Amino acid sequence: MKIATYNVNGVNGRLPVLIKWLNEAQPDVVCLQELKAPQEKFPLSAIEDAGYKAIWHGQKSWNGVAILSRGDQPEEVRRALPGDPEDVHSRYLEAEINGITIGCLYLPNGNPAPGPKFDYKLGWFDRLITHGKQLLKAGKPTILTGDYNVMPTEQDVYKPERWLDDALFRPEVRSAFKKLIDQGWTDAIRKLYPDETIYTFWDYFRNAYGRNAGLRIDHFLLSPDIDRRLKAAGVDKHVRGWEKTSDHAPVWIELKEK
DNA sequence: ATGTCAGGCCTCGCCTGA
């Protein structure tokens, strides 16, 4: 079973790239972030034509998350992170597919930091930590994946010294990520490639992709029983080199059958 | 400070978020 996450940065603007990649990569399940489309503008028929069933939570202009499945229809569990009824951003969608709970998340960017956006990011992260604990306690096979907007360590950023004050790398955010991991989640990419430089995002500016000036901010967190099934993981880096592409590349894992 | 995108409204050019 192959599961992927991809911050598409506009699902309609990115549709040809998304469909081309789906056909090439053939993932069974896909979590998408940054749809940048209202609920009614989600390109369902194109995605169905590519062979996928989908649930999504759109929003005008910003945010937006979706879960695609080649087999069973994703069975929606929730479409918001618990803990703040005032939070209207569409940044979290959770579904069950094939007995696996899949949380698709788009953690706030948080820049500029400090400031209200950074406070929102930390608050959102706190709610994710609380929910993560509940998920592990529930004891089902679970995957929390998406755009975390955090480089967990210096290994995950091309020039760490330049990012120290950035909302994606500040100590508060790295420590929040560590707090989540320490509950018992496995960072799939880092487990399989402990020493390699692996990026999932390259800025549109300054020829970042050409210079491989990247960041690792899209992550797969696995509960212990999913961790035991982990067979392979990777980044489809070449997709970042396509025309009219997202600033993120798709990230994927492969699981052994039970 | 710069740079490049996407989406949307202030709507064919500028703003914001990233």
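Below, chains carry the letters A, B, ... as their sequence lines are ordered, and counting in each starts from 1. Please read all numbers here as calculations on a predicted model, not as lab measurements.
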Syn or anti conformation of B:dC12, syn meaning chi within 90° of 0: syn

A:Y158 and A:W163 aromatic ring geometry - parallel, tilted or perpendicular at 30°/60° bounds: perpendicular

Atom pairs, N/O to N/O, protein against nucleotides 2-6 of chain B, distance under 3.5 Å?
from: B:dT2; atom 1: N3; to: A:R206; atom 2: NH1; distance (Å): 3.0
from: B:dG3; atom 1: N2; to: A:R206; atom 2: NH1; distance (Å): 2.7
from: B:dG3; atom 1: N3; to: A:R206; atom 2: NH1; distance (Å): 3.4
from: B:dA6; atom 1: OP1; to: A:R14; atom 2: NH1; distance (Å): 3.2

A:K121 and A:N109 side chains, donor-acceptor separation under 3.5 Å: no

Inter-nucleotide C1' distance (B:dG7, B:dC12), Å rounded: 15 Å

Pairwise 5' ranking along DNA chain B for A:K41 and A:K117, keeping only the more 5' one: A:K41

A:Y106 and A:N149, any side-chain heavy atoms less than 4.5 Å apart: yes

Separation between the P atoms of B:dC10 and B:dG17, rounded to whole Å: 15 Å

Separation of B:dA18 P from A:M151 CE (nearest whole Å): 15 Å

Distance, rounded to the nearest Å, where A:D218 contributes CG and B:dA18 contributes P: 15 Å

For DNA chain B, the residues among residues 158-174 of chain A that have a non-hydrogen atom under 4.0 Å from it: none

Over 12 non-hydrogen atoms of neighbours within 6.0 angstrom of CD in A:Q26: yes

A:K60 NZ to B:dC15 C1', straight-line distance once rounded to whole Å: 15 Å

Taking N or O atoms only and anything under 3.5 Å, show me the protein contacts with nucleotides 11-13 of chain B, one pair per line.
none

Atom-pair distance (CG on A:D247; P on B:dG7), nearest Å: 12 Å

Smallest separation among heavy atoms of A:A249 and A:Y6, with atom names: C-CD1, 4.0 Å

Atom-to-atom span, OH of A:Y120 to C1' of B:dG17 - whole angstrom: 13 Å

Pair A:R70 + A:D28: basic N to acidic O under 4.0 Å: yes

Aromatic plane relationship, A:F42 with A:W56 - under 30° parallel, 30 to 60° tilted, over 60° perpendicular: parallel

A:N111 CG - B:dA18 P separation (whole Å): 9 Å

Minimal non-hydrogen separation, A:M1 against A:E257, with atom names: N-OE2, 3.4 Å

Least distance between heavy atoms, A:L105 atom then A:Y92 atom: CB-CD1, 3.8 Å

Shortest non-hydrogen contact between A:A4 and A:W21, atoms and distance: CB-CH2, 3.6 Å

Donor-acceptor pair between A:E94 and A:T101 side chains, under 3.5 angstrom: no

Gap in Å between the two C1' atoms, one belonging to B:dA6 and one to B:dA1, rounded: 22 Å

Rounded distance in Å - CG (A:D147) to C1' (B:dA18): 10 Å

B:dC14 versus B:dG3 - spacing of their P atoms, nearest Å: 16 Å

A:R162 atom CZ: more than 12 heavy-atom contacts under 6.0 Å: no

